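No hydrogens, no waters, no symmetry mates; every other heavy atom, side chains included, goes into these values. Lettering of chains follows the sequences in order, A, B, ..., and the numbering in each one begins at 1. Everything numeric here is computed off the predicted structure, so don't read it as measured data.
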Number of protein chains: 2
Amino acid sequence: MDNKLKPTESELKILKILWEKGESTVREVHNTISQHKTSGYTTTLKLMQIMLEKGLVGRNKKTKSHVYFPILKEKETQKYLINKLVNSAFSGSTSKLVLQALGNTKTSAKEIEEIREFLDSLENTNDY
Amino acid sequence: MDNKLKPTESELKILKILWEKGESTVREVHNTISQHKTSGYTTTLKLMQIMLEKGLVGRNKKTKSHVYFPILKEKETQKYLINKLVNSAFSGSTSKLVLQALGNTKTSAKEIEEIREFLDSLENTNDY
DNA sequence: AATACCATACGAAACCATTCGTAACATAAA
DNA sequence: TTTATGTTACGAATGGTTTCGTATGGTATT
């Protein structure tokens with residue numbers, strides 16, 4: 001992934017909203033953010049303008065206002081972030097991360113089953 | 001985990017060295033860092049002094065120089081970082097993170113087996 | 001003791017992300 | 001058209017991390 005596309009924490013919050021809700025105005029994004037955090041409207045606006053400059057999002061002019069949409073893709077970003085974490089704190093070992101993550105929180109039987117199935121599918125594709 | 005104990009990226013690099021190599025002088029830490037990055041000795045020194053103030057590391061006076069050791073524990077930090085990532089990019093779902101992580105990189109048969117065993121042990125302890 | 005060498009302390013610059021105030025502009029209501 | 005409301009652009013302040021230069025102090029070598 002392009003280093004230019006590395007989002008900051010605030011940018012990630014905004015991207016998350018755009019991924020979940022689809023294209024949105026600054027007002028809509030700000031309303032969502034306001035539920036968890038108190039900061040001004042122009043702060044959100046400025047952040048989204050910066051994200052536009054960086055190419056993290058795009059926008060279209062609608063009659064009343066601009067409508068923003070994510071350019072950076074969710075899966076790519078997740079992959080980038082996992083990679084960063086694995087390298088910075090788990091000596092590059094993904095399985096160490098996985099074991100630690102599973103140990104941290106209660107994992108439901110259904111989730112465990114899902115993971116088992118995924119492990120099965122992994123074994124079938126990379127047999128070595 | 002105490003918010004005071006949240007390391008920055010540079011601090012994490014230093015902690016990683018202290019975890020791996022055990023207690024070390026600034027010189028030793030700096031030599032290790034220099035292999036991957038070019039920055040001055042006093043930069044490393046300053047960072048470690050700040051980490052001392054924050055309580056991330058401790059130090060003992062040896063004849064020639066100070067010897068630093070980690071106070072922040074590796075597992076705790078990993079747990080904190082995973083939690084942060086799960087919340088900021090995986091809607092709080094650990095299993096989503098795990099699935100994505102496993103999909104990102106080739107996982108060896110041995111690692112898969114380890115994870116399976118861990119899943120087994122989880123099922124035995126939290127049966128619900 | 002004088003010199004050279006290394007470590008420490010610390011202020012300050014540079015950098016970056018976040019925050020907001022204010023001005024300019026557009027749209028809708030009176 | 002005037003007023004009110006909402007949107008955008010943008011400069012600048014704030015706060016935190018990283019970087020380094022320089023002064024100071026200690027240890028060891030001559």
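- Residues of residues 35-52 of chain B that place a heavy atom closer than 4.0 Å to DNA chain D, in numerical order, are B/Lys37, B/Ser39, B/Gly40, B/Thr42, B/Thr43, B/Lys46, B/Leu47, B/Ile50.
- Scored by the salt bridge (charged side-chain N to carboxylate O under 4.0 Å, His left out) test, B/Arg116 finds A/Asp120, A/Glu123, B/Glu113 as partners (sequence neighbours excluded).
- Interatomic distance, B/Ile82 CD1 to A/Leu85 CG, rounded to the nearest 0.5 Å: 6.0 Å.
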Please tabulate, one pair per line, each protein N/O and nucleotide N/O from nucleotides 28-30 of chain D that are separated by under 3.5 Å, including the distance.
none

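- For the side chain to side chain donor-acceptor pair (under 3.5 Å) test, no residue two or more places apart in sequence or in another chain qualifies with B/Ser39.
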List, with names and distances, any nitrogen or oxygen atoms from the protein found under 3.5 Å away from nitrogen or oxygen atoms belonging to nucleotides 14-16 of chain C.
none

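- Using modelled atom types and a 3.5 Å distance limit, the side chains of B/Thr105 and A/Thr94 yield a donor-acceptor pair.
- Side-chain atoms of A/Glu28 come within 3.5 Å of backbone atoms of A/Thr25 as a donor-acceptor pair (strictly under, hydrogens ignored).
- A close approach under 4.0 Å does occur between a side-chain nitrogen or oxygen of A/His66 and OP1 or OP2 of D/dT8.
- Distance CD (A/Glu9) to C1' (D/dT17): 14 Å, rounded to an integer number of Å.
- Rounded to an integer number of Å, the gap from B/Glu11 CD to D/dG16 P is 13 Å.
- Rounding to whole angstrom units, CG of residue A/Asn60 and C1' of D/dT8 are separated by 16 Å.
- Separation of atoms CG (A/Leu45) and CZ (A/Arg27) is listed at 9.5 Å; rounding is to 0.5 Å.
- A cation-pi arrangement is absent between B/Arg59 and B/Phe69, since the terminal nitrogen or guanidinium carbon is not both under 6.0 Å from the aromatic centre and inside a 45° cone about the axis.
- Side chains of A/Val86 and B/Asn104 form no contact here, defined as non-hydrogen atoms less than 4.5 Å apart.
- Listed by residue number, there are no residues of residues 17-27 of chain B with a heavy-atom contact under 4.0 Å to DNA chain D.
- Close to C/dA7, at under 4.0 Å from its OP1 or OP2, lies no side-chain N or O of B/Arg59.
- Annotation: B/Lys110, atom NZ; neighbour count of heavy atoms from other residues, nucleotides and ligands within 6.0 Å does not exceed 12.
- Taking side-chain N and O atoms only, B/Lys54 has a distance below 4.0 Å to OP1 or OP2 of D/dT17.
- Scanning both residues, B/Tyr68 and B/Leu18, for their nearest heavy atoms gives O-CD2, 3.8 Å.
- For the pair B/Lys13 NZ and D/dT19 C1', the interatomic distance rounds to 13 Å; values are reported in whole Å.
- Salt-bridge annotation for B/Glu9 and A/Lys84: present, with a side-chain N of the basic residue lying under 4.0 Å from a carboxylate O of the acidic one.
- B/Glu53 has its CD atom 15 Å from the P atom of C/dT8, to the nearest Å.
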For A/Lys46 and A/Met51, run side chain to side chain contact (heavy atoms under 4.5 Å, CB included): C-alpha distance rounded to whole Å, both residues' side-chain angles, the deciding distance at 0.1 Å, then the answer. CA-CA 9 Å; A/Lys46 179 74 169 189; A/Met51 290 170 79; over 6 Å; no

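- Whole-Å rounding puts the A/Lys6 NZ to C/dA17 C1' distance at 11 Å.
- Salt-bridge check for B/Glu74 with B/Lys79: failed, with every basic side-chain N at 4.0 Å or more from each acidic carboxylate O.
- Going from atom CD1 of B/Ile33 over to atom C1' of D/dC20 covers 15 Å, rounded to whole Å.
- Considering all non-hydrogen atoms of both residues, B/Thr107 and B/Leu102 come closest at OG1-O, 3.8 Å.
- At whole-Å resolution of the value, NE2 in B/His30 and P in D/dT18 are 16 Å apart.
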